[in-house]
Amino acid sequence: MTGRIAGKVALVTGGASGLGEAIVRRFVEEGAKVLIADIDAAAGAALAGELGDAADFAKLDVTQEQNWIDAFARLDVTHGQVGILVNCAGITTIGSVEDVTLDAFRHELDVDLAGVFLGCKHVVPLMKRTGGSVINIASMASIRASDYLVAYNAAKAGVTHMTKSIALHYAHKGYGMRCNSVHPGVIRTPILDKVLAQSDDPDALFAQWVKGHPIGRLGRADEVASLCLYLASDESAFATGAEFVLDGGSSL
């Protein structure tokens, strides 16, 4: 622990497990107070209990606008500020343009795109008081398309360009707020098992993922957490609207 974000207050969506959990743990290690926001109340409360006074939990469905309003109101009461927002909650829908239903496509966009939009919108009143950093978890899939990820490609590509629009807005308004996107490759987290379960040949899909990373392996959640720590800290104060790619060379 070096205290790189000591004194800062963060909200991390999808923070109860997987990549979000790794980010929460890293932020706490580096001195932040973190509100773990997740739809999984049991896992979120358990993690907050483990981390003690440095963390709290709020049940948050990123597709529900009132949930966002309530979460930031809670931070206003408890801390009077928020300096970091990580939009990490997400889903991955497997299927081509012929396979994916309209309902499934819309659900993917609701969670992975509209959910990020709502966070970036409703964080403004509280974060602009002190300035801060918004980190949107996109994907290498927003840079390189796959025929079996039509909904996911669309959602994450939207996050990428929306991040730039939001960064410009924050900057032009003089809010002292930054907004960047992070583009991981395939990261070994429990959510991969849910994705593999949608495949007719999960072993082949897993092998394809590994082969698609020139570095020769899948990524680790702690590696993405380290990049998010940099973006959350004042060390990245001159970075906004940028794409931070961490994908083992898979988008090359």
Q. CD of Gln66: more than 12 outside heavy atoms within 6.0 angstrom?
A. yes
**Q.** Within-4.5 Å side-chain heavy-atom neighbours: Tyr230 and Ile135
**A.** no
(Q) Strictly by salt bridge (charged side-chain N to carboxylate O under 4.0 Å, His left out), give each pair with a member in residues 208-224 just once, sequence neighbours left out. (A) Arg217-Glu223, Arg220-Asp222, Arg220-Glu223
Under 3.5 Å donor-acceptor pairs involving side-chain atoms of residues 117-129, not counting sequence neighbours:
residue : atom : partner : partner atom : Å
His122  : NE2  : Glu65   : OE2          : 2.7
Arg129  : NH1  : Asp76   : OD1          : 2.9
Arg129  : NH1  : Gly80   : O            : 3.4
Arg129  : NH2  : Asp76   : OD2          : 3.2

Q | Hydrophobic cluster partners of Val245 (side-chain heavy atoms under 4.5 Å) | A | Ile143
Using residues 146-156 as the side-chain source, report each donor-acceptor pair under 3.5 Å to any protein atom, sequence neighbours left out, with the distance given to one decimal.
residue : atom : partner : partner atom : Å
Tyr148  : OH   : Trp209  : NE1          : 3.4
Asn153  : OD1  : Ser146  : N            : 3.0
Asn153  : ND2  : Ala141  : O            : 2.7
Lys156  : NZ   : Ile137  : O            : 2.8

(Q) Please determine whether side chain to side chain donor-acceptor pair (under 3.5 Å) holds for the pair Asn67 and Asp61, giving the CA-CA distance in whole Å, both sets of side-chain angles, and the decisive distance to 0.1 Å. (A) CA-CA 6 Å; Asn67 284 192; Asp61 179 342; over 6 Å; no
(Q) Before you tell me yes or no, could you show the steps for Leu75 and Phe72 under side chain to side chain contact (heavy atoms under 4.5 Å, CB included), namely the whole-Å CA-CA distance, both residues' side-chain angles and the distance that decides it to 0.1 Å? (A) CA-CA 5 Å; Leu75 284 176; Phe72 289 121; 4.2 Å; yes
(Q) Nearest 0.5 angstrom please: Thr13 OG1 to Ile23 CD1, how far? (A) 8.5 Å
Q.
Within the 4.5 Å heavy-atom criterion, are Val12 and Val34 side-chain neighbours or not?
A. yes
Q: Count the heavy atoms belonging to other residues, nucleotides or ligands that lie under 6.0 Å from NE2 of His107, then report whether that count exceeds 12.
A: no
Q) Looking only at atom types and distance, does a side-chain atom of Asn180 sit under 3.5 Å from a main-chain N or O of Ala239, one as donor and one as acceptor? A) yes
Q.
Do Leu85 and Val116 land in one hydrophobic cluster if side-chain heavy atoms of ILVMFWY residues count as linked below 4.5 Å?
A. yes
Just distance, no hydrogens or angles: give the donor-acceptor pairs under 3.5 Å from side chains in residues 185-198, sequence neighbours left out.
residue : atom : partner : partner atom : Å
Gln198  : OE1  : Ile94   : N            : 3.1
Gln198  : NE2  : Thr92   : O            : 3.0

**Q.** Student check: side-chain heavy atoms of Thr160 and Glu243 closer than 4.5 Å
**A.** yes
Q.
Atom NZ of residue position Lys164 - does it have more than 12 heavy atoms of other residues, nucleotides or ligands inside 6.0 Å?
A. yes
Q: Starting from the C-alpha separation in whole Å, work towards a yes-or-no answer on side chain to side chain contact (heavy atoms under 4.5 Å, CB included) for Asp201 and Asp203.
A: CA-CA 6 Å; Asp201 192 344; Asp203 291 338; 4.1 Å; yes
Q: May I ask you to test the Leu11-Val86 pair for a side-chain heavy-atom distance under 4.5 Å?
A: no
Q. Do Glu21 and Leu19 touch side chain to side chain, with heavy atoms closer than 4.5 Å?
A. no
Q: For the pair Arg4 (side chain) and Ala232 (backbone), establish whether a donor and an acceptor sit closer than 3.5 Å, ignoring hydrogens and angles.
A: no
Q. Going by an N to O cut-off under 4.0 Å, is there a salt bridge joining Lys8 and Asp234?
A. yes
Q) Given Thr93 and Glu108, is the side chain to side chain donor-acceptor pair (under 3.5 Å) satisfied, shown in steps? A) CA-CA 7 Å; Thr93 303; Glu108 177 80 44; 2.6 Å; yes
Q. Would you say Ser142 and His183 make side-chain contact, with heavy atoms under 4.5 Å?
A. yes
Listing, residues 35-56 side-chain donor-acceptor contacts under 3.5 Å, not counting sequence neighbours, or none:
residue : atom : partner : partner atom : Å
Asp38   : OD1  : Asp40   : N            : 2.8
Asp38   : OD2  : Gly15   : N            : 3.3
Asp38   : OD2  : Ala16   : N            : 3.1
Asp40   : OD1  : Ala42   : N            : 3.3
Asp40   : OD1  : Ala43   : N            : 3.1
Glu50   : OE1  : Arg25   : NH2          : 3.0
Glu50   : OE2  : Arg25   : NH1          : 2.9
Glu50   : OE2  : Arg25   : NH2          : 3.2
Asp56   : OD1  : Arg74   : NH2          : 3.1
Asp56   : OD2  : Arg74   : NH2          : 2.7

Q) Is a side-chain N or O of Ser250 found less than 3.5 angstrom from the main chain of Gly212, in a donor-acceptor match? A) no
Q | Heavy-atom pair of closest approach, residues Ala167 and Thr240 | A | CB-OG1, 3.4 Å
